[in-house]
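For the numbers below, each heavy atom of this structure counts, side chains included, while hydrogens, waters and symmetry mates do not. Because the structure is predicted, anything quoted here is derived from the model rather than measured.
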Amino acid sequence: MDKAEKRRFPLEGLLNTRDLGGYPVVANGKQKTVKKGLLFRSGSPENITAADQKFLDSLNIRTTVDFRSDGEKSSVFNFPSLEKKVDLPIDAGNLMETFFETGEGLNNNSARKSEAKMIKLYSLLPVEAIPRYRVLFSLLADPASSPLLFYCSAGKDRTGMASALILHALGASRETITEDYFYSKENLRPYWERYANSQSYMIPYFTVAEDYLFAAFRAIEKYGGADRYLTDELGADINRLRDLYLE
């Protein structure tokens, strides 16, 4: 069993759902671990099964944060234990224009062009999503909001960026952040593998790549680095977050 399989929840319809707990971090010079059972990430719930619902209900999730645009939503998580559902659609500005500015949309017949589009999207994501991620970090600072689950359509881009920022705030290394990010590649294999033999130019849209994540962190550098971006742009209270989510 590989690392991705060990961390992935045993769900039938939600292939990219997992707990951020258990990762090692360094906070204030001390080795610590992210608490389990408080921070969850996922993809869209369209394919959720009754068995999935039963398992997720057992997590006692209080808050869900949905990053999908209004046009993407076709269903919602419906947990009996749910206390708060927060819609934070990340669809503003140039994100979607990235794919359509050349007039060719997704169908460009070139994997290299597809990768370039994804890299550009990731370079815009930390900028366009500031208002939404700011609300997310405000929720995270409130212990009444957790356990909390955040998700988008595939659970890899908007959710992946949120996960990377949360882990950085908690003191995770870039190696650990990248490890968590790359689990989406294996988890979503059934989606991108269908294009392996034909339409391979579509694969970059359905998977993740190191260059994507690096593009996002390069964009964050203009704010003075990830720490300054978190505190100044997102209003993150680093010490409080570490008190709440580390052990």
Side-chain angles (χ1 to χ4, degrees), residues 7 9 14 16-23 25 34-35 38-45 61-69 72-73 77 84-93 95 118 121-142 145-174 176-185 187-188 208-209 212-220 223 226-227 229-238 240-242 244-246:
R7 183 164 282 275
F9 286 147
L14 297 176
N16 201 18
T17 303
R18 55 194 187 273
D19 191 342
L20 288 186
Y23 283 120
V25 301
V34 181
K35 292 179 181 178
L38 295 179
L39 299 170
F40 303 104
R41 55 175 293 178
S42 180
S44 179
I61 292 169
R62 290 179 177 174
T63 306
T64 57
V65 175
D66 188 349
F67 294 130
R68 295 176 300 166
S69 66
E72 294 174 89
K73 297 172 185 175
F77 284 97
K84 183 187 301 182
K85 181 181 183 297
V86 182
D87 289 321
L88 297 178
I90 300 175
D91 64 337
L95 284 179
M118 290 299 296
L121 184 148
Y122 269 79
S123 70
L124 293 169
L125 179 56
V127 180
E128 296 292 325
I130 284 176
R132 306 307 192 188
Y133 287 154
R134 174 177 280 271
V135 176
L136 171 65
F137 275 87
S138 176
L139 289 168
L140 292 171
D142 180 2
S145 295
S146 64
L148 179 147
L149 180 147
F150 54 98
Y151 65 101
C152 57
S153 287
K156 70 181 183 72
D157 302 320
R158 292 162 289 187
T159 295
M161 191 69 241
S163 178
L165 292 169
I166 292 169
L167 288 173
H168 182 90
L170 295 179
S173 67
R174 188 63 58 88
T176 295
I177 291 169
T178 303
E179 177 184 333
D180 176 72
Y181 177 73
F182 261 88
Y183 286 148
S184 290
K185 182 174 184 178
N187 291 346
L188 296 173
V208 296
Y212 302 173
L213 189 61
F214 283 178
F217 276 101
R218 282 196 300 270
I220 286 172
Y223 296 98
D227 290 344
Y229 173 81
L230 282 161
T231 57
D232 295 355
E233 304 302 322
L234 305 187
D237 187 335
I238 302 297
R240 180 168 178 77
L241 293 174
R242 292 178 177 182
L244 289 173
Y245 297 109
L246 298 183

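Of all heavy-atom pairs between S42 and T159, the closest is O-OG1, 3.7 Å. Between K156 and M118, the shortest heavy-atom contact is NZ-CE, 3.8 Å. Listed here is the closest heavy atom pair of G155 and C152: N-SG, 3.3 Å. Across all their heavy atoms, M161 and A216 have their closest contact at SD-CB, 3.3 Å. When all heavy atoms of A169 and F137 are compared, the pair lying nearest together is CB-CE2, 4.2 Å.
A side-chain contact (heavy atoms from CB on, under 4.5 Å) with L165 is found for one member of L136, I220, L170 and no other, namely I220.
Distance OH/Y133 to CZ/R158: 8.5 Å, rounded to 0.5 Å. Rounded to the nearest 0.5 angstrom, F67 CZ and Y151 OH are separated by 10.5 Å. Distance check, rounded to the nearest 0.5 Å: CD1 of I61 to OG1 of T64 gives 8.0 Å. Put simply, OG on S163 and CG on L20 are 4.0 Å apart, with the number rounded to the nearest 0.5 Å. Atoms OH and CG, on Y183 and N16 in that order, are 12.0 Å from each other to the nearest 0.5 Å. The CZ atom of R62 sits 14.5 Å away from the CG atom of L149 when rounded to the nearest 0.5 Å.
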Worked check of side chain to side chain contact (heavy atoms under 4.5 Å, CB included) between I177 and H168
CA-CA 7 Å; I177 291 169; H168 182 90; 3.8 Å; yes

Does V127 form a side chain to side chain contact (heavy atoms under 4.5 Å, CB included) with Y223? I'd like the steps, not just the answer.
CA-CA 10 Å; V127 180; Y223 296 98; 3.6 Å; yes

Evaluate side chain to side chain contact (heavy atoms under 4.5 Å, CB included) for R18 paired with S184, printing each intermediate quantity in order.
CA-CA 10 Å; R18 55 194 187 273; S184 290; 3.4 Å; yes

Walk me through whether D66 and K73 qualify under side chain to side chain contact (heavy atoms under 4.5 Å, CB included).
CA-CA 9 Å; D66 188 349; K73 297 172 185 175; 3.6 Å; yes

Where do Y212 and F217 land on the ring-ring contact (aromatic ring centres under 6.0 Å, His included) test, with the steps shown first?
CA-CA 9 Å; Y212 302 173; F217 276 101; over 10 Å; no

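In this structure S138 satisfies the side-chain contact (heavy atoms from CB on, under 4.5 Å) test with no other residue, sequence neighbours excluded. Among residues two or more places apart in sequence or in another chain, the side-chain contact (heavy atoms from CB on, under 4.5 Å) test is passed with V86 by T63, V65, K84, L88, L139.
Two residues are said to be in side-chain contact when any heavy atoms from C-beta on lie closer than 4.5 Å; L38 and L148 fail this criterion. Counting heavy atoms from C-beta outward, L140 and L39 have side chains that approach closer than 4.5 Å. The shortest side-chain heavy-atom distance between R218 and S123 does not fall under the 4.5 Å cut-off. Counting only heavy atoms from C-beta outward, the side chains of F9 and F40 approach each other to under 4.5 Å.
Judged purely by distance below 3.5 Å, without hydrogens or angles, the side chains of Y23 and D180 pair a donor atom with an acceptor atom. Side chains of E72 and S69: a donor-acceptor N/O pair is present below 3.5 angstrom, by distance only.
With salt bridges taken as basic N to acidic carboxylate O contacts below 4.0 Å, none links R68 and D87.
A distance-only check finds a donor-acceptor pair linking the side chain of Y229 to the backbone of P126 [under 3.5 Å]. Although no hydrogens or angles enter the test, the distance criterion places no donor-acceptor pair under 3.5 Å between the side chain of T176 and the main chain of A172.
The number of heavy atoms from other shown groups lying within 6.0 Å of NZ (K185) does not exceed 12.
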